[in-house]
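Inspection log for the structure reproduced underneath, given as structure tokens.
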Amino acid sequence: MPEKQYDHTQIELKWFERWQDAALYRAEENSDRPKYYVLEMLPYPSGQLHIGHVRNYSIGDALARYKWMRGFNVLHPIGWDAFGLPAENAAIANRRHPREWTLANIAAMKRTYRRFAFSYDWDREISTCEPEYYRWNQWFFLKMLERGMAYRKKALVNWCSECATVLANEQVVDGCCWRHETTPVEQRALEQWFFRITKYADQLLDDISQLEGGWPDRVLTMQRNWIGRSVGTEADFTLDTGATVRVFTTRVDTIHGATCVILAPEHPLVATLTDSEGAARGKAMVDSRANQGPGDIVKEGFFTGHYAMNPYSGERVPVWIGNFVLMGYGTGAIMAVPAHDERDFEFCTKYGIAIRSVIRPADGDLDEQPGAAFTEDGIVERSGEFSGLPSAEARRRMNEKAEREGFGQAAITYRLKDWGVSRQRYWGTPIPVIHCERCGVVPVPEADLPVVLPIDVNITGRGRSPLEDVPEFVNVQCPKCEGAARRETDTMDTFVDSSWYFYRYCDPRNAGLPFDPAKIAYWFRIDQYIGGVEHAILHLIYSRFFTKAMRDIGLVENDEPVANLFTQGMVIRDGAKMSKSKGNVVPADESVERHGADTSRMFALFAAPPEKDVDWRDEGVEGVYRFLGRVYRFATRNADRKPGGGSPEAGRKALRKLHQTLKKITEDFESRWHFNTSIAAIMELVNELYALENELSGDVMAEVLEKLALLLGPFAPYLSQEIWDELGKPGIVFQQSWPAYDPELAKEDEAEVVIQVNGKVRGHISVAFGTSREALEKQALSDVKVQSLLNGKQVAKVIVIPDKLINIVVKG
RNA sequence: GCCCGGGUGGCGAAACUGGCAGACGCAAAGGACUUAAAAUCCUUUUUCCCGCAAGGGGAGUGUGGGUUCGAUUCCCACCCCGGGCACCA
């Protein structure tokens, strides 16, 4: 009879069909089971898989299945939001109503993705393009508005001409758009809506301590840098025009060494301090800075002709304008202390401005002729009443003085800026406010939510919201005075969507609230979140912010959304990093159709540990496919073995290998998720079984095959189920318990002890476990080979590690 | 420039606590089966030297040093690659 061949298509489709209605992975809230909530970043809504997400899904999916087998309550939802629209699809998407587009893609995703990603909790399927999701986005917006957490102001914003929309600071990469990496971002002044994320700057920073250990250090460092908290002092210098200019410094202890004040070219005082020529020079600086991409800019500046008085010393110093001073940070003006700041040193050296040391090292002298800035803390000198104090103490007393005399105070500044959420895009949740000439900005009443997008829209891509050209959308009645008014046409950044979607998963059909706080109290925090490191400062800061804002609204109790974060590697193909804007994604169909979902997933796990990038090479996929075929054939041809027969010796070997494998994989799942070595261990087991195939008794074979099927469950569920079925077992394979290992069976009979001479391996001996040091030493020294090597030399020392190693140290 | 990662065969990688470097897989070579091919199964595969052979010896985890009986693992310096930040006062 010809052997059955592994036909992945048939097997996968068969079980795919049968599992359609099984409510697998369904979270059973308030059950006795421990809860476990694993959540990944989202699959790609284009009908193709973003290849990075192939990896995502293989990790989270295998983990969830394992947890299920261990008896955990697993919520393993699938869904997506609208962000991450690929550039080449944007045009298409923009010409269609988001809802229509989304529904079409749900269908496409169900076809290709479901078999691969294996999630059955379709109740929790959420599209952030659905009117219901808009409703709750808008509800949040109104809550924010009520609390002064959302506001509107005219602001210089980042503008991408390619997207024809505003970008958040977080979306600007190297001076270019995060989607269009070669399009420089322009600055435009526009009326924009903002979320006051800076109100939470301290909390976002301090609560990082709650995340330590659970989040990768790298991500936490990036967030700390992004928030960029600096503790310092603000102080007013009085100008000769009578006006004051406020500077921010972290080193007020150096202020007696300030030899000029430098303003950012955009500083409002520039207009009053310079003539039209000076204003033009300032303007040119601003422009050239905007056009200059990343990297170093050459420091430039000019003297305004005006002087300012140092509030501490009363000294008159010149006021300059410098292109390296940023308007967006601190006060947009600095005091330059060239002796103790590298940037100031460079600037003042270039323009011949005085350099004066006022800090000396604790064990040294003032550097009268500095060749470079000395920036460390030290002892303050030449600083009047503060002379002789250590830097830290001087700062404290100087802050007190500033406050006492009313020319300044201790101050903290942040790099983090408020989150600009306005987008001039069709795609996105409409911002639910109405502009009335008489009443001003009027929120849309809650009863009128959701504000939905009109269907017929002409996408111009001209830099204004396409909604402005839809009169039936724009022209509305003011809810307050009932007069004619205009609807806001900006839509929300889609990062708003992704900031809270995981909460909605826990209560996706709630019609009265975004979610029931009690349900959130049960599920949250998320035990394990899996996503790419590229979200370290975008999504992962916004969602932390949203959680804190929702907590203050009273919806959630947790301070933080995610207890443990795992940042998985990317999938690379042909040396190129997969990226949304480049659109080089691998169609799911291609790999899944050719080799099957089991093979594709298992390869993604096998190629490298999950935190590393992997190169998707088709030859590697072949290897995994061959392996699954090998397993299938072995299982099917041995499924009906009669009990008895075989050799006890072979049986013991097979069981030992089996339990060693079980132990290893259990440990891999519990601690580090190095599934590549788990899969290697299964391969080793199968190789061993091939070698022992004809010597195994029917009983051992049955035991081994059953456990093998269970072991494959997390990685290759379809094949696992097929083998389970072939063995005549009832039910669904991964609803079985995860097999426990027996440490006794996993043990080797004898310890293999290495014999080294001077650290070099010279032989092995097999001994009983627990053989004493003395016996081991004796046996090693009497070893024939060791004897010949020693050859009369003197043994200086023998190191014995029981059950492991003997190292004989000889002299001469 | 600053802050994180990382560097191991032809390739992806393993070695989890300082204890046999290269598990597992890919690619390659040889063999079995076959009229033939595919598929499958078996064997070899870090490298150099000695040997007909069994076997034996040396080198080897980016480079140089150190600690140690023993270092891919710990310490110091340097080189290279990747990522983040980059005038943040």
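Here is the naming used below: chain letters follow the sequence lines, and residue numbers restart at 1 for every chain.
Between the side chain of R55(A) and the backbone N or O of A604(A) there is at least one donor-acceptor pair closer than 3.5 Å. Side chain of T259(A) to main chain of A354(A): a donor-acceptor pair is present (N/O by atom type, distance under 3.5 Å, no hydrogens or angles). In terms of modelled atom types and a separation under 3.5 Å, the side chain of K350(A) and the main chain of K299(A) share a donor-acceptor contact. Here the side chain of D341(A) pairs no donor or acceptor atom with the backbone of V337(A) at under 3.5 angstrom. Side chain of T661(A) to backbone of K657(A): a donor-acceptor contact under 3.5 angstrom is found. Side chain of H674(A) to main chain of N676(A): no donor-acceptor pair is present (N/O by atom type, distance under 3.5 Å, no hydrogens or angles).
Here K760(A) does not reach the OP1 or OP2 of rG70(B): none of its side-chain N or O atoms lies under 4.0 Å away. The phosphate of rA14(B) (OP1 or OP2) has a side-chain N or O of N676(A) nearer than 4.0 angstrom. Between rG84(B) and R224(A), no contact under 4.0 Å exists linking OP1 or OP2 to a side-chain N or O. Contact annotation: T677(A) side-chain N/O to rC16(B) OP1/OP2 distance is not under 4.0 Å. Checking the phosphate oxygens (OP1, OP2) of rC41(B), a side-chain nitrogen or oxygen of R630(A) falls inside 4.0 Å. Checking the phosphate oxygens (OP1, OP2) of rC24(B), no side-chain nitrogen or oxygen of R626(A) falls inside 4.0 Å. Listed pair R415(A) / rA86(B) meets the phosphate criterion, a side-chain N or O lying under 4.0 Å from OP1 or OP2. Close to rC20(B), at under 4.0 Å from its OP1 or OP2, lies no side-chain N or O of R762(A).
Here V798(A) lies out of heavy-atom contact (under 4.0 Å) with every strand. Here D344(A) lies out of heavy-atom contact (under 4.0 Å) with every strand. Residue-level contact check: V809(A) touches the backbone only, with heavy atoms under 4.0 Å from sugar-phosphate atoms and none from bases. At the heavy-atom level, Q756(A) lies under 4.0 Å from base atoms of the strands shown. No contact: N225(A) has no heavy atom under 4.0 Å from any strand. Contacts of R672(A) with the nucleic acid, taken as non-hydrogen atoms under 4.0 Å apart, include base atoms. If you check every strand for non-hydrogen atoms under 4.0 Å, G330(A) touches nothing.
Rounded to whole Å, the separation between the P atoms of rG83(B) and rC20(B) comes to 35 Å. To the nearest whole angstrom, the two C1' atoms, one in rA13(B) and one in rG25(B), are 8 Å apart. Separation of the P atoms belonging to rA23(B) and rA38(B) is 27 Å when rounded to the nearest angstrom. Of the P atoms belonging to rC3(B) and rG12(B), the separation is 30 Å, rounded to the nearest Å. As rounded to the nearest Å, rC79(B) and rG10(B) have C1' atoms that lie 24 Å from one another.
Taking only side-chain atoms of K612(A), from C-beta outward, the nucleotide of rA13(B), rC3(B), rA89(B) with the closest atom is rA13(B). Taking every side-chain heavy atom of K804(A) into account, rG19(B) is the closest of rC11(B), rA89(B), rG19(B). Considering only the side chain of Y329(A), rA89(B) comes nearest among rC69(B), rC20(B), rA89(B). Side chain of F606(A), nearest nucleotide from rG25(B), rC20(B), rA89(B): rG25(B). Listed nucleotides rA89(B), rC3(B), rC20(B) differ in distance to T250(A); the shortest reach to its side chain belongs to rA89(B). For L805(A), the side-chain atoms get nearest to rG19(B) when compared with the rest of rG19(B), rG57(B), rG12(B). Listed candidates were rC69(B), rC42(B), rA21(B). Nearest to the side chain of V761(A) is rA21(B). Taking only side-chain atoms of E619(A), from C-beta outward, the nucleotide of rA89(B), rC26(B), rC24(B) with the closest atom is rC26(B). The side chain of E752(A) lies closest to rC20(B) when the candidates are rC20(B), rA89(B), rG19(B). The M222(A) side chain lies nearest to rG84(B) when the options are rG84(B), rG25(B), rC16(B).
One interatomic measurement links the two molecules: CH2 of W616(A) to P of rG12(B), which rounds to 18 Å at whole-angstrom precision. L605(A) has its CG atom 15 Å from the P atom of rA13(B), to the nearest Å. Put simply, CD on E346(A) is 14 Å from C1' on rA86(B), counting in whole angstrom units. In this structure, the CG atom of N687(A) is 10 Å from the P atom of rU43(B), given to the nearest Å. Remark: P of rA89(B) and CG of N323(A) are 18 Å apart, rounded to the nearest angstrom. One atom, CE of M683(A), and another, C1' of rA13(B), lie 12 Å apart when rounded to the nearest Å. As a whole-Å value, the separation of E667(A) CD from rA15(B) P is 13 Å. In this structure, E748(A) places its CD atom 16 Å from P of rC20(B), rounding to the nearest Å.
Both K664(A) and G332(A) lie close to RNA chain B; mapped to their nearest nucleotides by heavy-atom distance, the more 5′-ward contact belongs to K664(A). For the pair K299(A) and A691(A), nearest-nucleotide mapping onto RNA chain B gives the more 5' position to A691(A).
With a 3.5 Å ceiling on both atom-pair distances, the Watson-Crick or G-U wobble partner of rG19(B) is rC69(B). Pairing partner, rC85(B): rG1(B), with both Watson-Crick or wobble hydrogen-bond distances short of 3.5 Å. In a base pair of the Watson-Crick type (N1 to N3 plus N6-O4 or O6-N4) or a G-U wobble (N1-O2 and O6-N3), with each distance short of 3.5 Å, rU61(B) is matched with no nucleotide.
The ring of Y625(A) has its center no closer than 6.0 angstrom to the ring center of F603(A).
Under the 90° criterion around 0 for the glycosidic angle, rG58(B) counts as anti.
Atom CD of Q409(A) sits in a crowded spot, with more than 12 heavy atoms from other residues, nucleotides or ligands closer than 6.0 Å.
Donor-acceptor pairing under 3.5 Å, judged by distance alone, is absent between the side chain of H674(A) and the base of rC16(B).
Remark: L689(A) CG to E684(A) CD distance equals 11.5 Å, nearest 0.5 Å.
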